[in-house]
2 protein chains.
Amino acid sequence: MVKFDSGRATSQAVEDYLKAIYKLQSVTAPVTTSALAEKLGISAAAATKMLKQLDGMRLISYVPYHGANLTDAGRRIALEVIRHHRLIEQYLHQAMGYAWDQVDAEAEKLEHAISEEFEARIDELLGYPETCPHGDPIPRADGVLVDERLQTLGECAAGDWVRIERVRDTDPAVLRDLTQRQMGLHTQIFVSDRHSDNSLTILVAGTPHLVHEPISASVFVTPLTADQAPANHG
Amino acid sequence: MVKFDSGRATSQAVEDYLKAIYKLQSVTAPVTTSALAEKLGISAAAATKMLKQLDGMRLISYVPYHGANLTDAGRRIALEVIRHHRLIEQYLHQAMGYAWDQVDAEAEKLEHAISEEFEARIDELLGYPETCPHGDPIPRADGVLVDERLQTLGECAAGDWVRIERVRDTDPAVLRDLTQRQMGLHTQIFVSDRHSDNSLTILVAGTPHLVHEPISASVFVTPLTADQAPANHG
DNA sequence: TATCGAATTTAACCATGGTTAAATCTTACC
DNA sequence: GGTAAGATTTAACCATGGTTAAATTCGATA
């Protein structure tokens with residue numbers, strides 16, 4: 001007879017796997033063993049073993065040789081971990097003065113250590129924020145997450161007026177580069193030119209910048225409406 | 001050939017053991033296997049195995065059947081963990097509104113997860129505090145700790161005017177009891193009577209309280225000087 | 001449709017940190 | 001100074017989460 005596990009009893013490793021599967025799933029589902037192994041920096045053999053284990057726990061459904069998908073229970077835990085991560089990031093940034101390229105690493109460790117009490121307190125102290133410092137939406141405590149796919153800066157055409165809504169949080173060097181160019185969340189940008197190598201010339205606060213693929217693919221934007229866009233340049 | 005390990009590479013378990021040994025050592029040195037096992041809530045066999053391991057790492061000096069003492073290296077790590085713990089407690093209390101009976105449990109988990117960066121930031125944000133919310137001194141970043149032995153409230157005589165300087169942080173129920181009686185850090189107390197069962201009648205802000213051993217032994221005090229003590233009651 | 005290369009799983013192994021039960025050491029007491 | 005009780009260590013075991021190397025499966029292509 002197996003005891004019904006209503007409370008939290010998941011190890012840090014399990015949480016890391018579920019989070020990784022969740023994120024990979026949004027790109028391609030089902031998630032392959034090798035994609036998971038690469039994301040977590042472990043061997044494919046280790047991933048296989050854990051996939052079997054997670055399947056046994058009913059946190060994923062895993063078909064050998066054909067990858068895995070989260071179950072509702074697994075998704076719930078993944079979203080809780082992501083909620084912790086992004087709330088902590090926002091707290092580090094807003095309340096403790098961390099730069100946006102430093103918050104991810106610190107949150108990575110803290111996300112497994114905080115209590116529900118701690119989560120609720122920082123949520124309240126921050127005024128129930130809807131995104132992390134990179135613009136990623138924070139899952140709600142009830143597990144609801146609205147995660148819309150935005151266009152990248154690299155997909156913009158010359159003449160577009162856009163606003164930065166979200167940036168990829170993975171590479172601190174890219175984030176520092178954006179900071180240096182004054183390109184923060186909600187910064188308005190005018191795309192003045194597309195070049196043959198897919199690089200762009202953009203205007204940020206009147207200053208022209210040449211941005212290449214690794215940057216332009218890391219910045220997600222929304223088009224400015226007619227009344228928001230300055231009349232000149234258009 | 002063993003690689004020289006200059007940076008931090010201690011597991012959470014090692015940190016917990018060193019912290020426990022440090023605290024037990026202040027009561028009786030060397031620390032016995034059974035005392036350690038009891039403090040950590042594990043079997044004596046597990047403690048023995050870890051003691052051998054810690055001795056091999058040169059973090060303690062351990063003589064089988066005769067207990068263990070921290071080496072300088074071990075003490076340094078123990079003090080770092082304790083510094084983390086008490087700084088976090090103070091942060092939870094001052095910056096996040098935690099009550100003093102709630103901070104220990106939360107800090108217990110966070111102390112192993114924070115970076116040196118995080119430690120430095122909360123230290124600065126708090127204005128370099130010297131104690132945790134229970135009055136325990138916070139080890140300095142360079143490893144120096146001044147930890148003086150104070151008398152307990154239970155050791156006071158009738159007629160004493162004293163001030164609460166420190167409380168045992170172990171039992172949340174005791175802490176909540178103290179809160180209810182308005183007995184916080186730096187509260188002034190007049191000891192009006194000692195009774196035959198070692199309980200005391202004390203005056204807190206003019207209100208009489210009967211305090212029994214478990215409470216009076218958990219409160220550390222310093223005598224008020226003549227000019228600090230109110231003239232009446234004395 | 002057979003085959004070959006890549007992806008995946010299995011097998012054997014390791015370290016950490018725990019368990020219980022049995023053996024052994026210490027020490028206090030007669 | 002011998003002995004028995006209690007403390008401690010050893011031995012055998014377990015779970016978790018990793019590793020590398022060998023075997024197996026999948027699926028694209030000839």
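Keep in mind the model is a prediction, meaning the values are calculated, not measured.
Applying the salt bridge (Lys or Arg N to Asp or Glu O under 4.0 Å) test to B/E124 and every residue at least two apart in sequence or in another chain returns nothing. In this structure B/Y22 satisfies the side chain to side chain donor-acceptor pair (under 3.5 Å) test with no other residue, sequence neighbours excluded. Remark: A/E213 engages no residue in a side chain to side chain donor-acceptor pair (under 3.5 Å) (not counting sequence neighbours).
Atom CE of A/M50 is separated from atom P of C/dT9 by 15 Å (rounded to the nearest Å). Look at CE on A/M57: it is 11 Å from C1' on D/dA15, rounded to the nearest Å. Rounded to whole Å, the distance from CG on B/L40 to P on C/dG18 is 8 Å. Rounded to whole Å, atom C1' of D/dT9 lies 15 Å from atom CG of B/D55. In this structure, B/D16 places its CG atom 10 Å from P of C/dG17, rounding to the nearest Å. Counting to the nearest Å, the P atom of C/dT9 and the CG atom of A/L54 are 13 Å from each other. Rounded to whole angstrom, the span from the NZ atom of A/K52 across to the P atom of D/dG18 amounts to 15 Å. The separation between B/Y17 atom OH and C/dG17 atom C1' is 7 Å, rounded to whole Å.
A side-chain N or O of B/E89 and one of B/H85 form a donor-acceptor pair less than 3.5 Å apart.
Ring planes of A/F118 and B/Y98: tilted class, angle from 30 to 60°.
Between B/R149 and B/E155 there is a salt bridge, with a side-chain nitrogen of the basic residue lying less than 4.0 Å from a carboxylate oxygen of the acidic one. Using a 4.0 Å cut-off between a side-chain N of Lys or Arg and a carboxylate O of Asp or Glu, B/K52 and B/D55 do not qualify as a salt bridge. A salt bridge does not link B/K19 to B/E15: none of the charged nitrogens lies less than 4.0 Å from a carboxylate oxygen.
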Can you tabulate the close N/O pairs, meaning under 3.5 Å, that link protein atoms to atoms of nucleotides 20-25 of chain D?
| residue | atom | partner | partner atom | Å |
| --- | --- | --- | --- | --- |
| D/dT25 | O4' | A/Y65 | OH | 3.4 |

Which protein N or O atoms sit under 3.5 Å from an N or O of nucleotides 12-14 of chain C?
none

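Across D/dG18, D/dT8, C/dT9, the shortest atom-to-atom separation from the side chain of B/Y62 is found for D/dT8.
A/F220 pairs in a side chain to side chain contact (heavy atoms under 4.5 Å, CB included) with only one of the listed residues (A/R168, A/H134, A/E148), which is A/R168. Exactly one residue among A/L126, A/L87, A/D123 makes a side chain to side chain contact (heavy atoms under 4.5 Å, CB included) with A/I138. That residue is A/L87.
Near DNA chain C, meaning a heavy atom under 4.0 Å away, the residues from residues 22-37 of chain A are A/T32, A/T33, A/S34.
Remark: the backbone N or O of A/P139 is paired with a side-chain donor or acceptor of A/R83 at under 3.5 angstrom.
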